[in-house]
Visitor: 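The structure's right below; bear with me while I get my questions together.
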Amino acid sequence: MINNKFFGRKRAEPARPIPPGQYLEDGFPVLSAGPTQRVDKATWNFSIEIGDDTVGTWTWDALNALPQTDLHTDLHCVTKWSKQDTDWRGVTIDALLADAGVQPPAGFVMASSDGGYTTNVPSADVIDGKGLLVHTYDGEPLEAEHGGPVRLLIPHLYLWKSAKWIRSLKFMDKDEPGFWERYGYHMYGDPWREQRYTND
Amino acid sequence: MSQVSTIDWQIATVRSIHVESPRVKLFTLELPAETPFRAGQHFDVRLTASDGYQAQRSYSVSSSPEPAPNPTSIEFAVELIADGEVSSYFHEAVEVGDQIEIRGPIGGHFTWSPIAAKPVMMIAGGSGIAPIMSMIRHRSNADVIKKTPMLLMFSARTEADMLFAAELESIAVNDPDFHLIVALTRSEEVASGNRPFRHLRRIDGPMIESALSNLATHPSRSYICGGSSFVEAMANHLLDLGIPNNSIRTERFGP
Ligand SMILES: Cc1cc2nc3c(=O)[nH]c(=O)nc-3n(C[C@H](O)[C@H](O)[C@H](O)COP(=O)(O)OP(=O)(O)OC[C@H]3O[C@@H](n4cnc5c(N)ncnc54)[C@H](O)[C@@H]3O)c2cc1C
């Protein structure tokens, strides 16, 4: 349906195309379902579980001792903004699995955070360099309101999949809905296919 | 809540437009079918230019989920954002009778139902009152013996910027379990007349602490809505006051 009186704002052409229904944002908006979590690096740790077994746990220092990866990428939030050319540093999920001495499991992953937030993705979407635990944004320690000290980053999916204040990844055989997914958001969340809500 | 079906785009018709404040207009949209929603949910709006360019944004429903069984219209409270692509279309182009594509309802975390009897606290900044107004109206319409004790702390620039002022004040005057505290952030003096208490400063920790004394117990849940920095500041005040993290729900409208 065409809105005759709507012309769209004249805007700078994005450096690269942005997904359908998105607009470019220069700032870095904050979207969270609750308060910003207060996470203490001194007691923070992160674990990987496969089924019911914890296969590895890392403290802040242990995470920083692993090989670090820099990532230059675009972000797409389901609330319609996209942000291009963001710079992150962190550790790939591959490096964590390797450090734990386990093969990347097939199936699905549930990410869990301080504050009770969860989100689900296929395992394939966090391995082969696609998923990272990041602690540095634009050369600075990641701010708490953006998920610091450590958040998950899976930039090819809508940003709600990149859980802030991450504490664990649990690999599982069957897919299960996380926090937003239970409220009708998409199980996969590919911005290029505009998978915002269930069955989009 | 499980939504198994697709949330389809529908064509809504603008039935009325009301200038609620210098920067906010209320739009009543008629939906093509009865559409149940929960107080606090939002809809997505999609505008399409003749060259195919599209813009989508979210707007919270400010009207009540009644009249029962299901509403056939919804109200949006749209704040005009400087240079805002979609809000300026609403403010400058939309007329009664126009059609707009929407889909929803969407979201389920920032919702409230009057079945919950324990006291609740609402903190709204500017147009952030929209989803909370739906909850307040839902509470007013609820067919219950005793209404849920509710505390609303409402931050607005000036008296004229306070949305739904008359309606909120009338509830506050007539309902002993509804407590309204208004914080005017850019006002020199309180307008005259017999009005509920106004503060002439931003909502801060001490203001929240004293407002909480209106409730018999700590709120079982707190809802905060407004711009992102407002929500961030308010959530931090609540945490500092010892309000549990998992009892605080937030909706952030913009940067
Ligand atoms: C779940 C949800 C519910 C919402 N409900 C409502 C509602 O009930 N009423 C309402 O008015 N808005 C609501 N919003 C915000 C709305 O979706 C738009 O973001 C807003 O109308 C601005 O869109 P725009 O196209 O006019 O501005 P844009 O063209 O997107 O932005 C123009 C500029 O203004 C800045 N900006 C965007 N939003 C704001 C803001 N709120 N305050 C200050 N600066 C801003 C942008 O960063 C940008 O620089 C909601 C947002 C979400 C995510």
Side-chain angles (χ1 to χ4, degrees), chain A residues 1-11 13 18-39 77-83 113-117 143-146 160 165 177-187 194-200, chain B residues 1-7 9 11 41 44 46-58 83-86 88-89 92-95 98-101 103-111 222 224 228-229 231-232 234-236 238-239 243 245-255:
Chain A
M1 191 197 105
I2 288 169
N3 302 93
N4 289 323
K5 293 170 281 181
F6 181 67
F7 307 101
R9 194 189 24 232
K10 302 263 176 305
R11 29 180 93 240
E13 270 298 300
I18 53 172
Q22 298 292 107
Y23 69 94
L24 265 194
E25 176 67 55
D26 292 331
F28 194 167
V30 177
L31 269 302
S32 321
T36 292
Q37 300 295 310
R38 299 173 172 185
V39 181
C77 178
V78 72
T79 63
K80 321 291 181 318
W81 57 269
S82 290
K83 184 171 173 60
S113 301
D114 274 319
Y117 185 78
E143 284 175 39
E145 60 178 12
H146 293 304
W160 91 79
W165 314 297
F179 179 87
W180 284 121
E181 293 82 6
R182 277 195 294 270
Y183 285 125
Y185 283 75
H186 201 274
M187 289 292 271
E194 216 179 342
Q195 294 173 333
R196 300 180 193 276
Y197 313 118
T198 309
N199 295 340
D200 268 358
Chain B
M1 184 182 75
S2 66
Q3 270 164 329
V4 280
S5 55
T6 312
I7 310 174
W9 290 101
I11 295 178
Q41 286 187 298
D44 280 359
R46 179 168 72 184
L47 302 179
T48 307
S50 55
D51 65 357
Y53 173 83
Q54 292 189 325
Q56 292 185 32
R57 298 290 186 277
S58 302
D83 280 339
E85 184 170 39
V86 175
S88 65
Y89 177 79
E92 286 152 22
V94 171
E95 296 166 294
D98 283 2
Q99 296 192 316
I100 294 177
E101 270 185 302
R103 67 168 175 164
I106 293 159
H109 189 59
F110 198 82
T111 59
S222 304
I224 310 174
S228 198
S229 53
V231 171
E232 196 64 23
M234 296 304 125
N236 279 321
L238 296 192
L239 293 178
I243 302 220
N245 204 318
N246 59 9
S247 71
I248 304 170
R249 300 190 175 198
T250 60
E251 187 86 286
R252 298 163 206 248
F253 275 6

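Values below: all heavy atoms of this structure, side chains included; hydrogens, waters and symmetry mates excluded. Everything numeric in this text was worked out from a predicted model, so none of it was measured. Residue numbering restarts at 1 for every chain, and letters A, B, ... go by the order of the sequence lines.
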Visitor: At a 4.5 Å cut-off on heavy atoms, which part of B:Leu238 comes close to chain A: side chain, backbone, both, or neither?
Guide: neither
Visitor: Which bit of B:Tyr89 comes within less than 4.5 Å of chain A, counting heavy atoms only: side chain, backbone, both or neither?
Guide: side chain
Visitor: Which region of B:Asn246, side chain (C-beta onward) or backbone (N, CA, C, O), has a non-hydrogen atom less than 4.5 Å from a non-hydrogen atom of chain A, or is it both or neither?
Guide: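 No part of B:Asn246 comes within 4.5 Å of chain A.
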Visitor: Can you tell which of B:Arg249, B:Glu92, B:Gln54, B:Glu101 has the highest number of heavy-atom pairs within less than 4.5 Å of chain A?
Guide: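 Option with the top pair count is B:Glu101.
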Visitor: Side chain, backbone, both or neither: which part of A:Trp81 has a non-hydrogen atom closer than 4.5 Å to chain B?
Guide: neither
Visitor: Going by the angle between their ring planes, with limits at 30° and 60°, are A:Phe179 and B:His109 parallel, tilted or perpendicular?
Guide: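 Rings of A:Phe179 and B:His109: perpendicular, over 60°.
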Visitor: Got a second to check how far B:Asp98's CG is from A:Phe6's CZ, nearest 0.5 Å?
Guide: 13.5 Å
Visitor: Quick one: closest heavy-atom pair of A:Lys80 and B:Ser58, and the distance?
Guide: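 A:Lys80 and B:Ser58 have their closest heavy atoms at NZ-OG, 3.3 Å.
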Visitor: Please determine, among B:Met234, B:Gln56, B:Glu251, the option with the most heavy-atom pairs under 4.5 Å with chain A.
Guide: B:Gln56
Visitor: Please report the C-alpha distance between A:Tyr185 and B:Ile106 in whole Å, then the side-chain angles of each, then the deciding distance to 0.1 Å, and finally whether the side chain to side chain contact (heavy atoms under 4.5 Å, CB included) criterion is met.
Guide: CA-CA 9 Å; A:Tyr185 283 75; B:Ile106 293 159; 3.2 Å; yes
Visitor: State, without any angle test, whether B:Asn236 and A:Arg38 hold a side-chain donor-acceptor pair at a distance under 3.5 Å.
Guide: yes
Visitor: Decide side chain to side chain contact (heavy atoms under 4.5 Å, CB included) for B:Arg103 and A:Asp200; before the verdict, give the C-alpha distance in whole Å, the side-chain angles of both, and the deciding distance to 0.1 Å.
Guide: CA-CA 12 Å; B:Arg103 67 168 175 164; A:Asp200 268 358; 2.9 Å; yes
Visitor: Any idea which heavy atoms bring A:Val30 and B:Arg252 closest together, and the distance?
Guide: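 Smallest heavy-atom distance, with atoms named: O-CD, 3.2 Å.
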Visitor: Using non-hydrogen atoms only, which part of B:Glu232 is less than 4.5 Å away from chain A: side chain, backbone, both, or neither?
Guide: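 Answer is side chain: those atoms of B:Glu232 sit under 4.5 Å from chain A.
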Visitor: Identify the heavy atoms of B:Gln99 and A:Met1 that sit nearest to each other, and give their distance.
Guide: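 Here B:Gln99 and A:Met1 meet closest at O-CE, 3.1 Å.
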Visitor: With only heavy atoms counted, which part of B:Ser228 is less than 4.5 Å from chain A, the side chain, the backbone, both or neither?
Guide: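 Side chain only.
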Visitor: Quick check: closest heavy atoms across B:Leu239 and A:Thr36, and the distance to 0.1 Å?
Guide: CD1-O, 3.9 Å
Visitor: For the residue pair A:Gly34 and B:Thr250, what are the closest heavy atoms and their distance?
Guide: N-OG1, 3.1 Å
Visitor: Is any side-chain N of the basic residue among B:Asp44 and A:Arg196 closer than 4.0 Å to the acidic one's carboxylate O?
Guide: no
Visitor: Checking heavy atoms, do the side chain of A:Thr79, its backbone, both or neither come under 4.5 Å from chain B?
Guide: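 Nothing of A:Thr79, per the 4.5 Å heavy-atom cut-off to chain B.
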Visitor: Is a side-chain donor or acceptor of A:Asn3 paired with a backbone partner of B:Ala49 at a separation under 3.5 angstrom?
Guide: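 Side chain of A:Asn3 to backbone of B:Ala49, a donor-acceptor pair under 3.5 Å: no, none is there.
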Visitor: Does B:Asp51 have more than 12 heavy atoms from other residues, nucleotides or ligands lying within 6.0 Å of its CG?
Guide: yes
Visitor: Which heavy atom of A:Tyr197 sits nearest to which heavy atom of B:Ile7, and what is that distance?
Guide: CB-CD1, 3.7 Å
Visitor: Atom CZ of A:Phe7 and atom CG of B:Leu47: how far apart are they, to the nearest 0.5 Å?
Guide: 12.0 Å
